[in-house]
Structures are given as structure tokens and as C-alpha cells.
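One structure is given below, encoded as C-alpha cells.
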Amino acid sequence: MTNALKYQGYTARIEFDAEDEVFVGRVLGIADRISFHGESVAELTEAFHVAVDHYLEDCRVTGREPLKPASGRVMLRIPPEVHAAANVAAQASGKSLNQWATDAIAQAAGETAPP
């Protein structure tokens, strides 16, 4: 992913606001809104860290569980022929369908699949 920062398991998308001449970031993948801004990359990165740390501290103080970007469970509905082809590809590679799909999704997302 381009224009992104990562910190403590959270990923933020970064955009440039030409009108205000600042970088603006927003944490992705959670319902709670965490946003921040900065005039330089260093300032933006620091603001991101402060925003995430503040969110985690606020959750701790209020006794609620911080939202995580993903649970690790995905339910997909795909055409039967795609399902069958994926099963064959997984078996041919010596992997379970779950591991094969994990690898394929990780590759498409530009991530490294866990072992």
C-alpha cells in the first residue's frame, strides 16, 4: 500500500490537503475514528504515534477493548468454479485451501504471509 504508515498493528492512509498545506492521516480498518495531521513527514509520523497511543490509553482508562484492524476470520462467497479451481491449486501446491488463500491474499496485499 502506498501513502501509508504503520504503528502498533494499526495502518493509516496518508493524503495531502493542498488547501491547508498539511498531510492528513486516518487509521484504517476500525470503526473508531483516529485521525491526525502534520506539516512534515516527521511531524505526521509523530502525530500518528501520539494519536494511536492516546487511543490505546483512552481505551485502557475507560475499560474498553481497543478495536483491532482485523479478526483474522474472513467469509467469502465465490463462484463454485473458482472454489474448485482454488482447491485444485491448493492441493497441487501441497497446501490447505486456507493456507493457499492466505498466501494469495497476502501477496495481493503486498504483505508477507505468516508461516
Side-chain angles (χ1 to χ4, degrees):
M1 176 184 295
T2 59
N3 300 326
L5 291 174
K6 293 184 179 190
Y7 178 66
Q8 293 208 38
Y10 294 91
T11 301
R13 179 183 173 132
I14 308 305
E15 296 179 349
F16 182 70
D17 181 332
E19 184 176 323
D20 292 334
E21 296 184 347
V22 295
F23 295 102
V24 178
R26 186 173 68 85
V27 173
L28 304 173
I30 63 172
D32 289 334
R33 183 164 177 88
I34 305 173
S35 58
F36 52 95
H37 66 277
E39 293 183 7
S40 68
V41 173
E43 190 176 299
L44 180 75
T45 302
E46 177 64 22
F48 176 40
H49 292 188
V50 168
V52 170
D53 291 343
H54 175 75
Y55 170 70
L56 295 173
E57 178 62 14
D58 184 62
C59 288
R60 188 189 67 73
V61 168
T62 59
R64 62 188 179 106
E65 194 66 30
L67 297 177
K68 295 294 179 187
S71 69
R73 295 176 188 250
V74 177
M75 172 71 158
L76 300 174
R77 296 195 188 282
I78 58 177
E81 52 278 356
V82 173
H83 189 175
N87 269 332
V88 169
Q91 291 171 357
S93 67
K95 298 177 182 178
S96 68
L97 180 57
N98 187 67
Q99 185 58 56
W100 182 87
T102 298
D103 293 347
I105 292 170
Q107 182 180 2
E111 296 288 327
T112 303

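Everything numeric in this text was worked out from a predicted model, so none of it was measured. Values below: all heavy atoms of this structure, side chains included; hydrogens, waters and symmetry mates excluded. Residue numbers start at 1 and run along the sequence shown.
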| field | Counterpart residues, salt bridge (charged side-chain N to carboxylate O under 4.0 Å, His left out), relative to K68 (two or more places apart) | value | none
| task | Mind listing the closest non-hydrogen atom pair of S93 and A90 along with its distance? | result |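 Closest approach of S93 to A90: OG-O, 2.9 Å.
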| Who are the ring pair (Phe, Tyr, Trp, His ring centres under 6.0 Å) partners of H83, not counting sequence neighbours? |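 Here no residue qualifies.
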| query | In chain order, what residues pass the side chain to side chain contact (heavy atoms under 4.5 Å, CB included) check against P79, with sequence neighbours excluded? | reply | E81, V82
| Mind checking what makes side chain to side chain contact (heavy atoms under 4.5 Å, CB included) contact with L56, not counting sequence neighbours? | Q8, Y10, V52, P66
Side-chain donor-acceptor pairs under 3.5 Å in residues 32-45, sequence neighbours left out?
unit_1: D32; atom_1: OD2; unit_2: Y55; atom_2: OH; d: 2.8
unit_1: D32; atom_1: OD2; unit_2: R64; atom_2: NH1; d: 3.2
unit_1: S40; atom_1: OG; unit_2: E43; atom_2: N; d: 3.0
unit_1: E43; atom_1: OE2; unit_2: E39; atom_2: N; d: 3.0
unit_1: T45; atom_1: OG1; unit_2: V41; atom_2: O; d: 2.9

| If you link I, L, V, M, F, W and Y whenever their side-chain heavy atoms are under 4.5 Å apart, who else ends up in the same group as W100? |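 L97, which link up through side-chain heavy atoms under 4.5 Å apart, make up the rest of the cluster.
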| message | Who clusters with V24? Use side-chain heavy atoms, under 4.5 angstrom, across I, L, V, M, F, W and Y, and order the result by chain and number. | response | V22
| request: Sort and list the pairs that fulfil salt bridge (charged side-chain N to carboxylate O under 4.0 Å, His left out) and have at least one residue in residues 92-101, not counting sequence neighbours. | output: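 Found K95-D103.
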| message | Could you work out, with side chain to side chain donor-acceptor pair (under 3.5 Å) as the rule, every residue matching R60, not counting sequence neighbours? | response |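 For R60, the residues satisfying side chain to side chain donor-acceptor pair (under 3.5 Å) (neighbours in sequence not counted) are E57.
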| task | Would you please name every residue forming a side chain to side chain donor-acceptor pair (under 3.5 Å) with E15, sequence neighbours left out? | result |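 Counting only residues at least two positions away or on another chain, E15 forms a side chain to side chain donor-acceptor pair (under 3.5 Å) with R13.
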| Would you call F48 and I14 a side-chain contact if the rule is heavy atoms closer than 4.5 Å? |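 No - every pair of side-chain heavy atoms lies 4.5 Å or more apart.
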| Taking atom NE2 of H54 as the centre, does the number of heavy atoms from other residues, nucleotides or ligands within less than 6.0 Å exceed 12? |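 Atom NE2 in H54 is not crowded, with 12 or fewer foreign heavy atoms closer than 6.0 Å.
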| query | With hydrophobic residues grouped by side-chain heavy-atom distances under 4.5 Å, do V27 and V50 end up in a single group? | reply | no
